[in-house]
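The first residue in the sequence is number 1, and the count goes up from there.
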Amino acid sequence: MFSAISASSVRRRGAARLAAAVIVSGLVAMGSVAGAGAATADEVPQHQGGAAATLDGLKTYDGAVLHNDGKDQQLPAGLFEMTVDGGGKLKTYCIDIHNPTQDQAKYLETPWDQTSLGANKNAGKIRWILEHSYPQIDDLSALAQSAETGPLTEKTAAAGTQVAIWRYSDNADVDASDPAAEKLADWLEKSAQDAAEPKASLTLQPGAVSGKAGEKLGPITVHTDAAGVTVTPPADAAASGVTITDKDGAPVTTAANGTQLYFDVPSDASDGTASLGVQATTSVPVGRAFAGVTKSQTQILAGSSESTVSATATATWAEQGAIPAVTAQKNCAEGGVDITATNKGDEPFVFELKGTEHSVPAGESKTVTVPVGEDEAYDFTITGPAGFTQNFKGVLDCLTTSDSGPVTQQESSGPLPASAGGSSTGATDNLAETGSSSATPVIAGIAIALVVLGGGAVFLLRKKNAATPSTPGE
């Protein structure tokens, strides 16, 4: 949606979007193993994989009118722009009209199940609209001819497209102010057909593995639409002897879609943890959702330049005792976050979560659902033997927001509203070139740099929402 909505406005939640449990992008985390000493912690906002970006604001937009509870309100409607960590530009539309954006909000590429799209029967139609309108169709004369709208500008084409999306993402009663933009919105709404969710630009599955020293821990499978990715080994590989290999033990420095990676841990390695990373430059698929690290309106990708994407996976090993791998995933159906602990050791893994002790027998897994309210921030820690500690933070955001009250525009320090649309420059691939912007791009603040901690280290990873890796590439 447009960030033009006041965060202080009175809100009520719309109909529940009951999505299946999904892996929290940025909540896959590892802790120190039993037998390792108490470790230092390093907290980094990471996610399941893909692009991370900072919202630059609304750039290409025109007017719209929201009809809400017998009242009409003028709104900006159009394209947002984001700057990708590591390089690249994104264009996005809003898919949560009553939820405000936050200034310079950090966003992560996110599977649909981590957003309100997960249970939206019209999610596929939104992707169809994106594929068949501006900026994917940047020949405005051809678009106007197809939709029989009369002349379109970049601003009116963006507004008409956003209005059509809102009708499906929020079931909103909204019209474009410009007659041609309104005709475009009507044509897109009527013409839209169901389309499949696009695959992630880059992920690693699973995001955490464990086992005994002397084994190859894995496999961890690369899923990507990039031609190839670079593989970064553990930072302390020279000291620990841990290498990243294929199933036959050959070292791996580059990979492609479907490549299986292993942590090859020497038999004399001290108990500990390590991380591998993969990175590529690719165009993020149109239709990928982008969710805020903190509470901020969800966006959907309309266009991407060549952009940096990355993912990480971690491994824990020990000679004996409990050897845990811990992940977290949002469970929208249950209104909480699932914490799953897998124990590849030879003794039970005992951990504490929210004041309750849980035990995972050797060779088994256990999932605990922690209740979290909608729109509620959560911050809880798992503790276990030998100094094991694991922290999970985020915001549960499974629903779109409905509001019977007025939508209030936020004040913006820039010359443009910071929340209803945007266009980017230097576009290639699926990001249409739309001319230069007067706004200076904001360098993204989320560090996607691969984090590698030595033996016994505790990974404290942060993330907003979660989604199940339902298909290869998610």
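Looking only at distances, a side-chain donor or acceptor of T110 sits under 3.5 Å from a matching main-chain atom of L108. Counting only distance, with no hydrogens or angles, the side chain of S310 and the backbone of Q279 share no donor-acceptor pair below 3.5 Å. Distance alone, capped at 3.5 Å, places no donor-acceptor pair between the S307 side chain and the G88 backbone. E374 places a side-chain N or O within 3.5 Å of a backbone atom of L399 that can act as its donor or acceptor partner. In this structure, the side chain of W128 does not engage the main chain of S191 through any donor-acceptor pair within 3.5 Å. Checked by atom type and distance alone, the side chain of E352 never pairs as donor or acceptor with a backbone atom of I382 at under 3.5 Å. For S177 (side chain) and A64 (main-chain N/O), a donor-acceptor pair under 3.5 Å exists by modelled atom type. A donor-acceptor contact shorter than 3.5 Å links the side chain of D139 to the backbone of A142. Listed for the S133 side chain is no donor-acceptor partner under 3.5 Å among the backbone atoms of I129. The closest donor-acceptor contact from the side chain of R127 to the backbone of A196 lies under 3.5 Å.
Between Q102 and L55, the shortest heavy-atom contact is O-CD2, 4.3 Å. Across S283 and D225, no two heavy atoms sit closer than the pair O-OD2, 3.6 Å. Of all heavy-atom pairs between Q299 and F80, the closest is OE1-CD1, 2.9 Å. T312 approaches S275 most closely through the heavy-atom pair CB-OG, 4.2 Å. Between Y61 and P76 the shortest heavy-atom distance is CD1-CB, 3.8 Å. Shortest non-hydrogen contact noted between L117 and A123 is O-CB, 3.7 Å.
For the 3.5 Å distance criterion, the side chains of D170 and H98 fail to qualify, holding no donor opposite an acceptor. A side-chain N or O of S201 and one of E109 form a donor-acceptor pair less than 3.5 Å apart. For the residue pair T367 and T340, a side-chain donor N or O sits within less than 3.5 Å of a side-chain acceptor on the partner. Using modelled atom types, one finds no donor on one side chain facing an acceptor on the other under 3.5 Å when comparing T156 with D178. In this model, a donor atom of one side chain and an acceptor atom of the other lie less than 3.5 Å apart for Y107 and S296. Of the N and O atoms on the side chains of S365 and T342, at least one donor lies less than 3.5 Å from an acceptor on the other residue. Side-chain atoms of T83 and K89 form a donor-acceptor pair, as typed in the model, at a separation below 3.5 Å. In this structure, a donor-acceptor pair under 3.5 Å is absent between the side chains of N257 and T224.
Residues I220 and Q260 form no side-chain contact, since every pair of their non-hydrogen atoms from C-beta on lies 4.5 Å or further apart. Contact check for N99 versus T400: no side-chain heavy atoms found under the 4.5 Å cut-off. At a threshold of 4.5 Å between non-hydrogen side-chain atoms, the residues L301 and Y93 do not count as touching. Contact check for W187 versus T149: no side-chain heavy atoms found under the 4.5 Å cut-off. Between F380 and V370, some side-chain heavy-atom pair lies under the 4.5 Å cut-off. Proximity of V163 to D175: side-chain heavy atoms (C-beta onward) are nowhere separated by under 4.5 Å.
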Check: Going through the checks in order, is the side chain to side chain contact (heavy atoms under 4.5 Å, CB included) test met by N68 and K71?
Finding: CA-CA 5 Å; N68 192 8; K71 299 179 181 179; 5.7 Å; no

Item checked: Check against salt bridge (charged side-chain N to carboxylate O under 4.0 Å, His left out), K366 and D338 -> CA-CA 10 Å; K366 182 174 184 177; D338 287 343; over 6 Å; no

Next item on the list: Would you sort out whether V65 and Q74 count as a side chain to side chain contact (heavy atoms under 4.5 Å, CB included), showing the intermediate values?
Entry: CA-CA 5 Å; V65 180; Q74 301 290 329; 3.6 Å; yes

Next item on the list: List the steps and the verdict of side chain to side chain contact (heavy atoms under 4.5 Å, CB included) for R167 and V174.
Entry: CA-CA 7 Å; R167 292 173 183 175; V174 59; 4.1 Å; yes

Next item on the list: Walk me through it: do V286 and Q136 pass the test side chain to side chain contact (heavy atoms under 4.5 Å, CB included)?
Entry: CA-CA 9 Å; V286 170; Q136 286 303 298; 3.5 Å; yes

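Under the side-chain contact (heavy atoms from CB on, under 4.5 Å) test applied with F351, the options T381, V368, V326 reduce to a single match, V368. Among L261, V309, T230, the one residue that satisfies the side-chain contact (heavy atoms from CB on, under 4.5 Å) test with V278 is L261.
The residues R288 and E197 are annotated as salt-bridged, a charged nitrogen and a carboxylate oxygen being separated by less than 4.0 angstrom. Between E148 and K190 there is no salt bridge, since no side-chain nitrogen of the basic residue lies less than 4.0 Å from a carboxylate oxygen of the acidic one. K91 has no carboxylate O lying under 4.0 Å from a charged side-chain N of D56, or vice versa, which leaves the two without a salt bridge. Ion pairing of K295 with D375 is present here, as a side-chain N (NZ or NE/NH1/NH2) and a carboxylate O approach within less than 4.0 Å.
To the nearest 0.5 Å, atom CG of residue D62 and atom OG1 of residue T153 are 6.5 Å apart. Rounding to the nearest 0.5 angstrom, the gap separating the CD1 atom in I300 from the OG1 atom in T115 is 7.5 Å. From L130, atom CG reaches atom CD1 of I137 across 11.5 Å, with rounding to the nearest 0.5 Å. We find the CD1-CG distance between I126 and N120 to be 5.0 Å, quoted to the nearest 0.5 Å. Here CD1 of I339 is found 7.5 Å from OG1 of T327. Values are rounded to the nearest 0.5 Å. One finds the CG atom of L143 at 10.5 Å from the OH atom of Y134 (value rounded to the nearest 0.5 Å).
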